[in-house]
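The block underneath contains the structure these notes are about, expressed in structure tokens.
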Amino acid sequence: MELIYVAAAIMMGLGGLGAAIGVGLLGGKLIEGSARQPELAPKLQTTFFLGAGLVDAIPIIGVGIAMYLIFVVAG
Amino acid sequence: MADGKQKSAGDNGNRVRLRPPPVHNITLTQLAVLLPSFAVVAWLFDRTSAVSFAAGAAVSILPQAWFAVLVFGFRQRRSLLRAARGAYAAHAGKFLLSAAGFALVFALLRPVSAPAVFAGFGIMWTLQTVGSARLLRAGY
């Protein structure tokens, strides 16, 4: 039964790690693009926020499955 | 600057008019899809599946709306810097709201249909993806 909690922790941790790398790459490119062409910064920022909102979904689904494991399967 | 003074990196030094994308349309579309979907799931399956579907959809819609309000809301329109500050709170809040929502659904909702919960979440997330793609294609 304890393995379920370990599985949930790994699921949430790896999902969060992947999203953090993705948002970090996005943010880095945003800063790079804004520094090269400051007049495009507002448009780039809007694109960044829309993209970051989608990148977030994957770890959130992982958290949802982890909550299912913790509260329904193990509980 | 000409007078030798430099503005600090505060709001006044970084004021840019942003054209906020109409992200509230995505939330309204999700709500408009949720009601008939709830009725269809209740008609095709049972009440448990319909309630679970609606709960999963709510877990998707509410954090996205929170994110949109903080990032693209009224107070963030005036300044890039304020929008950037709001982005951190928006990301953290979205993640915490989603985690708390899933925890509440799976801890308190009895009986619960897990496939229906994830179906509701997935359909609303698909709507958000399609809506965001349309906004990007529209030039926002």
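Numbers restart at 1 for each chain; the letters A, B, ... are given by sequence-line order, proteins then strands.
Between chain A and the residues B:A99, B:G131, B:P63, B:G101, the most heavy-atom pairs under 4.5 angstrom are made by B:A99. Counting heavy-atom pairs closer than 4.5 Å to chain A, the top residue among B:V105, B:V117, B:T129, B:V112 is B:T129. The candidate from B:A103, B:G56, B:A90, B:A107 with the greatest count of non-hydrogen atom pairs under 4.5 Å with chain A is B:A103. Taking B:F95, B:F106, B:F67 one by one and counting their heavy-atom pairs under 4.5 Å with chain A, the maximum is reached by B:F106.
Looking at B:Q64 and B:S60, their side chains do bring a donor and an acceptor atom within 3.5 Å of each other.
Neither the backbone nor the side chain of A:A66 has a heavy atom closer than 4.5 Å to any heavy atom of chain B. At a 4.5 Å heavy-atom cutoff, the contact between A:I65 and chain B is made by backbone and side-chain atoms alike.
Taking a 6.0 Å sphere around CD of A:E2, one finds it holds 12 or fewer heavy atoms contributed by other residues, nucleotides or ligands. Enclosure of atom CZ in B:R110 by more than 12 non-hydrogen atoms of other residues, nucleotides or ligands within 6.0 angstrom is indicated.
Ring centroid separation for the pair B:F102 and B:F121 comes in under the 6.0 Å cut-off.
Ring orientation note: the planes of B:F118 and A:Y68 are nearly perpendicular, at an angle over 60° on the 30°/60° scale.
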